[in-house]
Amino acid sequence: MFENDSPDRVAVNEGIAVGTGGDRELKADVFVPPAPVANGIGVLIIHGGGWISGDRTQLRGYGILLGRVGYTCVACEYRLAPDAKWPAQLNDVRTALGWMRAHAGDLRIDADRIAVQGNSAGAHLALMLAAKEPGIAACMAIYAPADLTLRQAWAERQQQRNSVVTQLLERTDADSLAEASPTMYATASFPPTMLIHGNADEIAPVQNSFRMYEALIAAGAKAELHVFEGVPHSFDRDPALGRQCASLMSLFLQRHVPARTPAALAP
């Protein structure tokens with residue numbers, strides 16, 4: 001059982017084994033909200049880093065900020081490219097989601113009230129997980145490279161001979177890029193999705209989120225898009241902007257993922 005005896009502080013359980021990816025043990029950090037505000041909703045948090053770097057501590061701030069308002073967060077890790085090629089990354093975050101569902105009782109969350117959230121490459125994985133894994137309650141993607149054909153075109157314009165897409169995928173032909181692009185999986189059954197992006201993003205152009213939003217709306221799914229003016233990739237490293245993103249995510253979850261009553265949360 002993941003418990004928190006503090007009435008006002010988030011408890012952090014670090015390095016929890018959640019499964020294996022290839023021959024590697026996968027770990028996660030679990031953020032347990034104070035009991036008075038715990039709402040029975042889980043959030044799987046997926047870090048960025050261009051699929052080639054980063055770790056589960058990268059979005060610790062969101063684990064704490066969302067934990068303070070009642071969400072039980074699990075910040076996971078996944079195998080990195082180029083040592084692990086696609087779809088190893090997606091398989092690993094799916095493993096973390098499966099662990100959350102299997103341990104919903106210990107986490108004191110509902111297995112059918114788990115949302116996914118990610119930044120950058122983690123946002124791409126969150127969208128892909130939402131597309132391919134049934135039963136996800138909501139998806140929140142911050143500056144997601146949602147259309148890899150855009151990412152590849154940008155890399156070629158910049159004459160980056162070793163682009164991250166090349167390191168991620170075995171092949172970068174049109175079909176392979178499309179197959180790994182969340183924009184291609186928009187359907188009416190896609191979970192409610194919030195997209196956040198800066199319109200001065202030099203890594204994953206804001207057109208990625210516009211395309212994802214337009215695809216979801218055209219398919220009949222629930223989606224909203226928030227564009228921050230004049231900010232680059234990773235803009236939420238600014239604490240004030242990070243807090244604003246967390247507030248947007250909290251409001252989005254309140255609107256689309258109903259919380260349990262306090263009585264239902266009793267052990």
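All values below were derived from every heavy atom in this structure, side-chain atoms included, with hydrogens, water molecules and symmetry-related copies excluded. Keep in mind that what you see is a predicted model, and the values were worked out from it rather than measured.
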Any side-chain to backbone donor/acceptor pair from [X] onto [Y]? Under 3.5 Å, distance only.
{"X": "Lys85", "Y": "Arg171", "answer": "no"}
{"X": "Ser120", "Y": "Gly122", "answer": "no"}
{"X": "Asp173", "Y": "Ser176", "answer": "yes"}
{"X": "Asp201", "Y": "Val206", "answer": "no"}
{"X": "Asp29", "Y": "Ala75", "answer": "no"}
{"X": "Thr95", "Y": "Gly19", "answer": "no"}
{"X": "His226", "Y": "Gly198", "answer": "no"}

**Message:** Please tell me whether Phe210 and Met184 are part of a single hydrophobic cluster in this structure, the criterion being side-chain heavy atoms less than 4.5 Å apart.
**Reply:** no
**Message:** Tell me whether Ile45 shares a hydrophobic cluster with Val10, the cluster being built from Ile, Leu, Val, Met, Phe, Trp, Tyr side chains joined at under 4.5 Å.
**Reply:** no
Name every donor-acceptor pair, under 3.5 Å, that has one atom in a side chain of residues 58-65 and the other anywhere in the protein, sequence neighbours excluded.
from  : atom 1 : to     : atom 2 : distance (Å)
Arg60 : NH1    : Glu14  : OE2    : 3.1
Tyr62 : OH     : Asp236 : OD2    : 2.6

Which donor-acceptor pairs under 3.5 Å do side chains of residues 237-251 form with protein atoms, sequence neighbours excluded?
from   : atom 1 : to     : atom 2 : distance (Å)
Asp238 : OD1    : Ala240 : N      : 2.9
Ser247 : OG     : Arg243 : O      : 3.1
Ser250 : OG     : Gln254 : NE2    : 3.2

**Asked** Hey, would you say the Phe190 and Tyr185 ring centroids sit under 6.0 Å apart?
**Response** no
**Prompt:** For Glu224, does the CD atom have more than 12 heavy-atom neighbours from other residues, nucleotides or ligands under 6.0 Å away?
**Reply:** yes
Heavy-atom side-chain contact between [X] and [Y] under 4.5 Å:
{"X": "Val164", "Y": "Trp51", "result": "yes"}
{"X": "Thr193", "Y": "Leu127", "result": "yes"}
{"X": "Ile109", "Y": "Ile114", "result": "yes"}
{"X": "Leu26", "Y": "Thr20", "result": "no"}
{"X": "Leu169", "Y": "Leu177", "result": "yes"}
{"X": "Phe235", "Y": "Tyr143", "result": "yes"}
{"X": "Met140", "Y": "Leu253", "result": "yes"}
{"X": "Ile142", "Y": "Gln117", "result": "yes"}

**Intermediate values then yes/no, side-chain contact (heavy atoms from CB on, under 4.5 Å), Val30 and Leu107** = CA-CA 9 Å; Val30 178; Leu107 294 166; 3.7 Å; yes
Report the distance from atom [atom1] of [X] to atom [atom2] of [Y], rounding to the nearest 0.5 Å.
{"X": "Glu133", "Y": "Met128", "atom1": "CD", "atom2": "CE", "answer": "12.0 Å"}
{"X": "Arg94", "Y": "Leu125", "atom1": "CZ", "atom2": "CG", "answer": "11.0 Å"}
{"X": "Lys222", "Y": "Phe252", "atom1": "NZ", "atom2": "CZ", "answer": "9.0 Å"}
{"X": "Leu44", "Y": "Met100", "atom1": "CG", "atom2": "CE", "answer": "5.5 Å"}
{"X": "Ser53", "Y": "Leu80", "atom1": "OG", "atom2": "CG", "answer": "7.0 Å"}
{"X": "Leu225", "Y": "Ile196", "atom1": "CG", "atom2": "CD1", "answer": "9.0 Å"}

**Request:** Apply the test side chain to side chain donor-acceptor pair (under 3.5 Å) to residues Thr187 and Ser189: give CA-CA distance (whole Å), side-chain angles for both, the deciding distance (0.1 Å), then the verdict.
**Result:** CA-CA 5 Å; Thr187 65; Ser189 61; 3.1 Å; yes
**Request:** Indicate the ring-plane relationship of His47 and Tyr78, choosing parallel, tilted or perpendicular according to the 30° and 60° boundaries.
**Result:** parallel
**Item:** Stepwise side-chain contact (heavy atoms from CB on, under 4.5 Å) test for Cys76 and Ile46
**Value:** CA-CA 6 Å; Cys76 68; Ile46 309 172; 4.0 Å; yes
**Message:** Pair Thr57, Asp55 - check side chain to side chain donor-acceptor pair (under 3.5 Å), show working.
**Reply:** CA-CA 6 Å; Thr57 67; Asp55 60 50; 2.4 Å; yes
**Request:** Verify side-chain contact (heavy atoms from CB on, under 4.5 Å) between Leu129 and Leu97, making sure each step is shown before the conclusion.
**Result:** CA-CA 9 Å; Leu129 197 60; Leu97 176 65; 4.1 Å; yes
**Message:** Let's go through Asp92 and Glu77 carefully: what are the C-alpha distance in whole Å and the side-chain angles of both, what is the deciding distance for side-chain contact (heavy atoms from CB on, under 4.5 Å) to 0.1 Å, and is it a yes or a no?
**Reply:** CA-CA 8 Å; Asp92 291 352; Glu77 62 188 14; over 6 Å; no
